[in-house]
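Just so it is clear, the structure is predicted and the values come from calculations on it, not from any experiment. A note on names: the letters A, B, ... follow the listed sequences, proteins ahead of strands, and every chain is numbered from 1.
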Amino acid sequence: MIRLFDSVHAEVRDLTLRDDGRVSMYVCGPTVYELPHLGHGRFTLVWDVARRWFTFQGLDVHFVSNITDIDDNIIARALRDGVSEAEVARVYENEWWEAMTRLGVARPTDAPHATQYVDQMVELISSLLASGVAYPTSDGVYFDVSRVADYGLLAGQPLDSLRAGARVEANDEKRSPLDFALWKNAKPAEPSWPAPFGDGRPGWHTECVVMSLGLLGDGFDLHCGGFDLKFPHHENERAQAVAAGRAFARHWAHNGWVMVGTEKMSKSLNNFTSLTHLLEETDARAYRLLVLRSHYRSPIEVTPATIADAERALARLDALARRFALPALAGQSLEVKSSFHWEGLGQGLLERVAAKLDDDLDTPLAVALLFDAASSANSLADAGDEDSARGLALAVAALFGALGLALESAGDEVDEASAALVRQRDQARAQKDWAEADRLRTELAALGWTVEDSESGTQIRH
RNA sequence: GGCGGCGUGGCCGAGUGGUUAGGCAGGGGCCUGCAAAGCCCCGUACUCCGGUUCGAAUCCGGACGCCGCCUCCA
């Protein structure tokens with residue numbers, strides 16, 4: 001049984017599924033109007049890991065994550081850049097998938113676009129208007145939060161105290177400052193869609209509720225996203241579903257944010273670092289390992305120092321992969337437990353790691369166990385027990401693969417000039433000409449190579 | 001103001017009422033022609049003040065500090 005912290009109940013509880021053996025999960029995706037930042041990288045990695053783990057454990061996962069391709073920010077960006085909204089969305093959606101590919105985040109089963117669900121949004125809004133839960137104003141259609149009895153469930157506060165702290169500016173036509181826009185009336189030169197209650201475009205909260213219910217159906221299993229979406233976004237999604245008489249998510253899970261120093265990385269603080277930029281200069285696996293080494297609900301700091309730390313830890317794992325010539329795993333493919341052979345030490349490792357991951361995705365402890373196992377594998381091999389060592393190392397690679405982290409056993413490509421130096425060095429060493437051997441090592445080092453001697457001769461890597 | 005989270009050794013970062021988290025960096029050793037990689041050993045930490053307990057970093061109370069949500073945000 002997989003257990004997960006549920007944001008509504010504020011405790012770890014069993015992940016009970018609507019359909020046995022199948023998980024339906026929705027993760028709020030990006031609004032595509034700029035390059036993805038580190039926070040996007042965090043949440044996609046966290047939920048990619050969750051999805052991969054569920055899959056590894058034999059569950060059939062239906063993973064939906066949307067692309068919001070119409071919204072205020074996109075319109076503003078289009079105006080600034082002098083291009084169409086569709087063009088802004090196209091450009092930044094491409095950047096998004098490019099970054100996801102580099103991060104090794106597997107494609108969602110479905111990645112719906114908001115603009116392709118407008119008809120269903122109009123339908124929902126019409127029904128909410130008909131039942132009196134929604135009301136029109138001069139600039140759009142709003143949702144009356146007082147009509148949902150348990151509004152505030154996700155916020156963990158009753159409506160009154162939420163209202164008391166409301167920072168939204170007063171709007172005479174809104175019945176409550178917490179009421180939110182379901183539909184924004186068309187403005188000149190802005191994209192709009194026809195609707196019986198007036199041409200316009202959908203509000204953000206309406207997009208996600210329609211897409212999640214549309215693709216996963218009523219009472220789907222798990223709704224995920226960053227903590228900052230818990231309220232008001234997820235609260236408002238849920239409110240619409242409840243008002244429409246539809247069962248919404250059975251479980252809610254939220255991930256911690258990325259910190260910049262002591263502050264949260266966020267739009268309003270304008271302190272975000274582009275994920276695209278990070279991936280241009282570092283091994284994307286380092287970010288994944290950094291994410292895996294802290295709990296998904298804790299905040300993390302992503303800085304050159306923490307990334308470098310992760311890169312050095314990664315080097316240790318790659319060295320293990322080279323030593324045992326472990327197969328490359330992960331990438332876009334999702335691993336499944338049953339496709340590996342588990343026995344002996346590997347079986348024991350699997351059981352211990354699985355116990356941690358099944359318990360609220362405790363990746364930091366799982367990773368600690370895997371590093372321990374890596375040391376054991378090396379130790380066993382040093383002691384001459386190659387079979388046990390290799391079995392354990394294979395299990396380590398399989399489990400990292402399950403989490404989407406591919407260990408690299410392939411050496412770097414060696415150019416002919418460097419290869420010639422390697423041959424010369426082997427010759428010098430065979431003749432015990434240590435001075436020449438050391439000279440050649442220095443020469444290789446100057447070309448950026450780290451030299452390692454082995455039974456099969458000089459090996460070099462970057 | 002309401003609600004929630006956090007404060008761990010040089011750094012990152014877990015965790016349980018009593019026994020080594022793990023990684024990085026550092027020191028010593030083994031291995032090596034010398035290295036690299038690997039292995040072994042080493043730090044005895046938990047904001048502060050009370051309390052509960054045979055025993056608390058881990059439970060309770062308080063103080064201090066920090067952060068988040070109640071606008072947009074992953």
Student: Determine the contact category for A:F227: base if any of its heavy atoms lies under 4.0 Å from a base atom, sugar-phosphate if only primed atoms, P, OP1 or OP2 are that close, otherwise nothing.
Tutor: nothing

Student: Both distances under 3.5 Å, Watson-Crick or G-U wobble: report the partner of B:C30, or none.
Tutor: B:G38

Student: Looking only at side-chain atoms of A:D382, point me to the closest of B:C24, B:C70, B:C39.
Tutor: B:C39

Student: Quick check for you: among B:A37, B:A74, B:C70, whose closest atom lies nearest to any side-chain atom of A:H40?
Tutor: B:A74

Student: Taking B:C72 as the reference, what is the distance to B:A57 when you measure between their P atoms (whole Å, please)?
Tutor: 43 Å

Student: Would you say whether A:W434 stacks on B:G33? The test is a distance between ring centres of less than 5.5 Å and an angle between planes of less than 30°.
Tutor: yes

Student: Work out how far the C1' atom of B:U53 is from that of B:C59, and round it to whole angstrom.
Tutor: 10 Å

Student: Would you say A:S298 places a side-chain N or O within less than 4.0 Å of OP1 or OP2 belonging to B:A14?
Tutor: yes

Student: If pairing requires Watson-Crick or G-U wobble contacts with both distances under 3.5 Å, which nucleotide is the partner of B:G17?
Tutor: none

Student: Report the base-pairing partner of B:C46 (Watson-Crick or G-U wobble, both distances below 3.5 angstrom), or none.
Tutor: none

Student: Once you apply a heavy-atom cut-off of 4.0 Å, does A:G41 come out as touching a base, just sugar-phosphate, or nothing?
Tutor: nothing

Student: Under 4.0 Å: is that the gap between some side-chain N or O of A:H295 and OP1 or OP2 of B:A14?
Tutor: no

Student: Starting at NE2 of A:H205 and ending at C1' of B:C73, how long is that distance when rounded to a whole Å?
Tutor: 11 Å

Student: Rounded off to whole Å, could you give me the CZ-to-C1' distance for the A:R323 and B:C31 pair?
Tutor: 11 Å

Student: For B:C3, take OP1 and OP2 only and decide whether either is under 4.0 Å from a side-chain N or O of A:K230.
Tutor: no

Student: Tell whether A:D228 reaches the base of B:C72 with its side chain through a donor-acceptor pair below 3.5 angstrom.
Tutor: no

Student: Is the charged tip of A:R297 near the ring of A:F5: under 6.0 Å from the six-membered ring centre and within 45° of its axis?
Tutor: yes

Student: Roughly how far, to the nearest 0.5 Å, is CD of A:E408 from CG of A:L405?
Tutor: 9.0 Å

Student: Could you pick out which residue, A:R163 or A:P364, lies toward the 5' side of RNA chain B when each is mapped onto its nearest nucleotide?
Tutor: A:P364

Student: Given atom CZ of A:R429 and atom P of B:U32, what is their separation to the nearest angstrom?
Tutor: 12 Å

Student: What nucleic acid atoms does A:V367 come within less than 4.0 Å of, heavy atoms only: base, sugar-phosphate, or nothing?
Tutor: nothing

Student: Counting side-chain heavy atoms from CB outward, which of B:A36, B:C40, B:C69 is closest to A:K264?
Tutor: B:C69

Student: In whole angstrom, give the distance that lies between atom CZ of A:F400 and atom P of B:G22.
Tutor: 14 Å

Student: With a 4.0 Å cut-off on heavy atoms, is A:P36 in touch with a base, just the backbone sugar-phosphate, or nothing at all?
Tutor: nothing

Student: Counting N and O atoms only, with roles assigned by atom type, does the side chain of A:D150 sit under 3.5 Å from a partner on the main chain of A:L153, one being a donor and the other an acceptor?
Tutor: no

Student: Check step by step if ring-ring contact (aromatic ring centres under 6.0 Å, His included) holds for A:Y142 and A:W183.
Tutor: CA-CA 7 Å; A:Y142 284 82; A:W183 189 257; over 10 Å; no

Student: Rounding to the closest angstrom, what is the interatomic distance between B:G9 and B:G51 at atom C1'?
Tutor: 27 Å

Student: Tell me whether the side-chain N or O atoms of A:D372 pair up with the base of B:G22 as donor and acceptor below 3.5 Å, since no angle test is needed here.
Tutor: no

Student: Could you give the distance separating B:C24 and B:G55 at their P atoms, to the nearest angstrom?
Tutor: 39 Å

Student: From B:C70, B:C72, B:G23, pick the nucleotide closest to the side chain of A:F231?
Tutor: B:C70

Student: Does A:R102 qualify as a cation-pi partner of A:W97, given the criterion of NZ or CZ under 6.0 Å from the six-membered ring centre and within 45 degrees of its axis?
Tutor: no

Student: Given B:G15, B:C24, B:C69, which nucleotide is nearest the side-chain atoms of A:L365?
Tutor: B:G15

Student: Quick one: A:N255 CG to B:G68 C1', roughly how many Å, whole number?
Tutor: 13 Å

Student: Base, sugar-phosphate or nothing for A:G225? Non-hydrogen atoms, less than 4.0 Å.
Tutor: sugar-phosphate

Student: Suppose we call a contact any N or O donor and acceptor under 3.5 Å apart; does that hold for the side chain of A:R441 and the base of B:A35?
Tutor: yes

Student: Quantified in whole Å, what is the P atom distance between nucleotide B:G7 and nucleotide B:G15?
Tutor: 9 Å

Student: Under 3.5 Å, is there any donor-acceptor pair linking the side chain of A:R425 to the base of B:G33?
Tutor: yes

Student: Determine the interplanar angle of the A:H205 and A:F180 rings, folded into 0 to 90°, and report it as parallel if under 30°, tilted if 30 to 60°, perpendicular if over 60°.
Tutor: perpendicular

Student: Would you mind telling me which residue lines up with the more 5' stretch of RNA chain B, A:P30 or A:A155, judged by nearest nucleotide?
Tutor: A:A155

Student: Watson-Crick or G-U wobble partner for B:U53, using a 3.5 Å limit on both distances?
Tutor: none

Student: If the C1' atom of B:G23 is compared with that of B:C66, how far apart are they to the nearest Å?
Tutor: 25 Å

Student: With respect to the side chain of A:L178, which nucleotide from B:A37, B:C70, B:G22 is positioned closest?
Tutor: B:C70

Student: Grab the CH2-P distance between A:W257 and B:C69 for me, whole Å please.
Tutor: 6 Å

Student: When the distance from CD1 of A:I300 to P of B:G5 is rounded to whole Å, what number comes out?
Tutor: 20 Å

Student: Let's test your reading of the model: under 3.5 Å, does the base of B:G33 pair with the side chain of A:D438 as donor and acceptor?
Tutor: yes

Student: Given A:E207, which partner from the list A:I67, A:V118, A:T31, A:T68 fulfils the side chain to side chain contact (heavy atoms under 4.5 Å, CB included) test?
Tutor: A:T68

Student: Answer yes or no: is there a donor N or O on one side and an acceptor on the other, between the side chain of A:D6 and the main chain of A:V8, under 3.5 Å?
Tutor: yes

Student: Look at A:N378 and B:C39 and indicate whether a side-chain polar atom (N or O) is within less than 4.0 Å of OP1 or OP2.
Tutor: yes

Student: Could you please name the partner base of B:G65, counting Watson-Crick and G-U wobble pairs only when both distances are under 3.5 Å?
Tutor: B:C6

Student: From CD of A:E34 over to P of B:C72, roughly how many Å is that when rounded to an integer?
Tutor: 16 Å

Student: For this output row, return yes or no: ring centroids of A:F63 and A:F54 closer than 6.0 angstrom.
Tutor: no

Student: Can you tell which of B:C67, B:G22, B:C24 lies closest to the side chain of A:D309?
Tutor: B:C24

Student: Can you tell me how far P in B:A14 sits from the matching atom in B:C40, rounded to whole Å?
Tutor: 25 Å

Student: Classify A:S454 by what it touches in the nucleic acid, base, sugar-phosphate, or nothing, heavy-atom distance under 4.0 Å.
Tutor: nothing

Student: Do any N or O atoms from the side chain of A:D221 and from the backbone of A:S24 form a donor-acceptor pair under 3.5 angstrom?
Tutor: yes

Student: Give A:D453 one of three labels, base, sugar-phosphate or nothing, depending on what nucleic acid heavy atoms sit under 4.0 Å from its own.
Tutor: base

Student: In terms of side-chain heavy atoms of A:S294, which of B:G13, B:C3, B:G23 is nearest?
Tutor: B:G13

Student: Under 4.0 Å: is that the gap between some side-chain N or O of A:R316 and OP1 or OP2 of B:C39?
Tutor: yes

Student: Is there a side-chain polar atom (N or O) of A:T306 under 4.0 Å from OP1 or OP2 of B:G13?
Tutor: no

Student: Quick one: label A:V258 by what it contacts on the DNA or RNA (base, sugar-phosphate, nothing), any heavy atom closer than 4.0 Å.
Tutor: base

Student: Write down the distance separating the P atoms in B:A74 and B:C67, rounded off to the nearest Å.
Tutor: 22 Å

